[in-house]
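Predicted, not measured: the structure shown is a model, and the values here were computed from it. Chain A is the first sequence line, chain B the second, and so forth, proteins listed ahead of strands; every chain is numbered from 1.
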Amino acid sequence: METAKIAQILDDMGTILEVQGENPFRCRAYHNAAQVLHGLPGDLTEMIADGSLAEVQGIGETLYAKIVQLATTGRLPAYEKLRAQTPPGLLALLRVPGVGPKKIKALHEALDIQSLADLRAAGESGAIAKVKGFGAKTEANILEGIGFLETTGGRILQNEALALVAPILDAVRNHPGVSRAEACGSLRRRAETIGDLDVLFSSKDPRPVLDHFAGLPQVAKVLGHGATKVSVLLPGFKTDQFVQCDLRGVADDQFAFALHYFTGSKAHNIAMRKRALARGLSLNEYALSGVKDPTKTIPCRDEADLFRALDLEPIPPELREDAGEFEAAGAGALPRLVEPGDLTGTFHCHSDWSDGDATLEEMAAGARELGMQYLGIGDHSRSLAMARGLTIDRVRDQWAKIDALNARFGGSFRIFKGTECDILGDGSLDFPDDVLAGFDYVVASVHSRFKMPRDEMTARIIRAISNPHVTMLGHATGRLLLSRAPYEVDLDAVIDAAAEHRTMIEINASPYRLDLDAVHCRRARKKGVAIVINPDAHSVAGLGDLRYGVSVARRAWLTKDDVFNTAPLAEIAERLASLRPR
DNA sequence: GCCGTTTTCGGCCCGACTGTTTTCAGTCG
């Protein structure tokens with residue numbers, strides 16, 4: 001069984017135990033173990049085999065046995081027993097804002113609530129307000145929470161979150177009472193999708209800033225308004241969708257602590273606090289102070305000061321998952337993560353020769369504008385008629401056009417001749433080898449038959465990337481974040497094959513894809529696979545999506561040297577040529 | 001259920017906000 005699936009099961013077990021009223025620390029142990037599995041440095045099966053799993057912090061004897069049982073047999077009687085004791089719809093209730101395990105337990109016992117539908121019906125009939133410990137307000141909030149869940153679907157994409165938060169941040173920073181302000185939370189960590197927006201500011205007097213924020217024209221509803229925090233709903237990008245935005249104010253000498261705290265992740269924060277405690281210090285969102293003598297405080301102007309106070313190198317937000325960053329930062333061994341400015345060019349861009357909006361000239365000009373030294377054009381191949389895939393004749397016409405443009409650039413910039421070549425159903429490619437040989441590079445991607453069984457899809461992709469003409473694999477899982485699930489594929493087998501055949505794997509930087517994800521990207525690097533960051537741009541503006549791909553790379557601990565398209569033009573040309581079959 | 005440089009028992013991250021209470025429990029991050 002896959003690691004992520006096992007983690008999910010442990011997480012569910014922790015939740016069911018909570019609903020059953022178990023010892024909260026026992027519940028937490030399950031949740032914690034799930035978190036630990038997500039951040040595991042290596043392959044679970046290998047770690048069981050070589051015994052290193054038993055050494056992992058947070059996995060004791062009991063949970064170790066359960067994990068091994070799940071990994072080897074795919075089943076766990078203890079889990080099945082818990083599931084049998086719990087109505088299947090009950091866990092879904094947790095996703096309702098304001099409803100947690102205790103309320104679920106109380107409602108289940110008092111009203112036999114078993115599902116979201118039950119909960120809604122009970123709320124609409126007024127039954128919830130009559131339960132001890134509940135009231136009219138709670139009932140209304142629960143009904144509203146159910147509505148929220150249905151309209152938001154929970155999360156938004158990174159580009160949407162950035163667009164929503166930018167004007168808020170401007171408004172807060174422009175307020176005369178504000179010293180510093182930052183967006184934090186999962187957005188600052190550059191998570192794949194964002195649940196809500198967190199904005200932090202420092203001020204001598206937060207009140208007027210909070211009031212100003214609550215009164216901004218885009219605010220659809222004020223959810224809560226305290227002395228240091230205001231929560232509001234902002235209209236999202238989809239019809240009837242709303243996104244929660246929290247604004248918090250602190251004193252300026254608290255800013256570094258609050259910024260770190262509200263950036264998270266939760267697991268990282270817990271580890272950070274434990275680290276502080278181990279040094280006789282107590283860390284919260286306002287200060288770092290002595291446990292025995294709370295009046296003894298260690299001032300920190302910024303996050304770097306705070307990390308140094310705990311004997312750590314400053315940890316970039318993208319690494320804050322308690323997945324090895326403390327060990328590395330404590331040893332002074334954090335990698336220098338790749339940065340947007342390291343990229344020298346990119347591949348997998350479309351032009352109006354297939355389904356792009358811009359001409360070759362416009363795309364090249366856009367790339368030069370961004371400081372790039374080269375641009376790879378990889379229009380679609382002939383099978384993808386829907387996207388005006390190029391026939392072999394049109395490919396040759398495009399090559400001639402690119403040659404002419406390159407002659408005009410006179411060596412100061414270069415367009416590489418590429419293709420995003422379809423991987424056909426049987427794993428063969430959409431162009432014959434003699435045509436593929438004429439390209440500077442080939443991106444191979446799946447665009448059809450997404451519903452294939454897992455082993456067939458895996459074999460299909462492996463066959464494609466084993467073709468010596470293929471330079472890199474495009475969007476490895478085909479997923480569209482929040483809208484289309486990835487196709488079933490054994491990514492570890494694909495990564496192994498890529499390593500064997502020296503095929504690169506792209507990080508598709510489109511905020512709708514982010515495919516390969518950071519977890520597998522980190523694994524691919526460990527296997528020696530070169531990573532290339534591609535925007536899958538269909539317009540000049542689409543080139544800007546590279547920033548999202550860089551974030552994925554950073555979350556995967558990649559340095560400049562791990563990313564192919566950070567080398568200067570001459571070296572890129574040389575390396576691409578060396579990868580072509582002789 | 002996990003864990004140990006005062007511990008193999010007795011702790012386990014912690015503060016803000018809300019709603020229900022009349023001093024606190026639940027939820028959230």
For [X], report the nucleic acid contact type (base, sugar-phosphate, nothing); a contact means any heavy atom under 4.0 Å.
{"X": "A:His31", "result": "nothing"}
{"X": "A:Phe134", "result": "sugar-phosphate"}
{"X": "A:Asn141", "result": "sugar-phosphate"}
{"X": "A:Val96", "result": "sugar-phosphate"}
{"X": "A:Ala227", "result": "sugar-phosphate"}
{"X": "A:Ala258", "result": "nothing"}
{"X": "A:Lys266", "result": "base"}
{"X": "A:Pro24", "result": "nothing"}
{"X": "A:Ser231", "result": "nothing"}

Anything below 3.5 Å on both distances counts as a pair; with that, list the stems of at least three consecutive Watson-Crick or G-U pairs involving DNA chain B.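 So far as stems of 3 or more pairs are concerned, DNA chain B shows B:1-4 with B:9-12, B:14-19 with B:24-29.
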Between atom CG of A:Leu10 and atom CG of A:Leu70, what is the distance when rounded to the nearest 0.5 Å?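 Nearest 0.5 Å value for the CG-CG distance: 6.5 Å.
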Rounded distance in Å between the [atom1] positions of [N] and [M]:
{"N": "B:dC17", "M": "B:dC12", "atom1": "C1'", "answer": "24 Å"}
{"N": "B:dG4", "M": "B:dC13", "atom1": "P", "answer": "14 Å"}
{"N": "B:dG10", "M": "B:dT6", "atom1": "C1'", "answer": "14 Å"}
{"N": "B:dA25", "M": "B:dT20", "atom1": "C1'", "answer": "9 Å"}
{"N": "B:dT8", "M": "B:dC2", "atom1": "C1'", "answer": "12 Å"}
{"N": "B:dT23", "M": "B:dG19", "atom1": "C1'", "answer": "13 Å"}
{"N": "B:dG26", "M": "B:dT22", "atom1": "P", "answer": "15 Å"}
{"N": "B:dT27", "M": "B:dT21", "atom1": "P", "answer": "15 Å"}

Please list all pairs passing the side chain to side chain donor-acceptor pair (under 3.5 Å) test where one or both residues lie in residues 74-84 of chain A, with sequence neighbours left out.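 Checked against side chain to side chain donor-acceptor pair (under 3.5 Å) - neighbours excluded - the pairs reaching residues 74-84 of chain A are A:Arg75-A:Glu80, A:Tyr79-A:Arg83.
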How would you list all residue pairs meeting side chain to side chain donor-acceptor pair (under 3.5 Å) that involve residues 51-74 of chain A, not counting sequence neighbours?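 Qualifying pairs, neighbours excluded: A:Asp50-A:Ser52.
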Pair listing, ring pair (Phe, Tyr, Trp, His ring centres under 6.0 Å) test, anchored in residues 89-119 of chain A, at least two apart: none
Toward the 5' end of DNA chain B, which comes first, A:Ser282 or A:Phe262, by nearest nucleotide?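 Final value for this comparison: A:Ser282.
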Given DNA chain B, 5'-ward residue of the pair A:Tyr261 and A:Gly224, judged by closest heavy atom: A:Gly224
Whether the [X] and [Y] side chains hold a donor-acceptor pair (N or O, under 3.5 Å, no angle test) is what I'd like checked.
{"X": "A:Ser510", "Y": "A:Asp545", "result": "no"}
{"X": "A:Asp12", "Y": "A:Thr15", "result": "no"}
{"X": "A:Gln158", "Y": "A:Glu192", "result": "no"}
{"X": "A:Asp492", "Y": "A:His520", "result": "no"}

May I ask you to test the A:Val550-A:Glu339 pair for a side-chain heavy-atom distance under 4.5 Å? no
Indicate syn or anti for B:dT22, taking the glycosidic torsion and treating anything within 90° of 0 as syn.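 You should classify B:dT22 as anti.
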Exercise: identify the closest heavy-atom pair between A:Pro235 and A:Phe242: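 Taking every non-hydrogen atom into account, CA-CD2, 3.8 Å.
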Can you tell me if A:Arg95 has over 12 outside heavy atoms packed within less than 6.0 Å of its CZ?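 Result for CZ/A:Arg95: open.
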Check whether more than 12 heavy atoms from other residues, nucleotides or ligands sit under 6.0 Å from atom CD of A:Gln254, and answer yes or no.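 It does: A:Gln254 CD has more than 12 such atoms within range.
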How are the rings of A:His260 and A:His268 set to each other: parallel, tilted or perpendicular (split at 30° and 60°)? tilted
What residues from residues 57-82 of chain A pass a heavy-atom cutoff of under 4.0 Å to DNA chain B? A:Gln57, A:Gly58, A:Ile59, A:Gly60, A:Glu61, A:Thr62, A:Leu63
Chain A on DNA chain B: first and last contacting nucleotide, 5' to 3', under 4.0 Å to a heavy atom?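 Going 5' to 3' along DNA chain B, contacts run B:dG1 to B:dG29.
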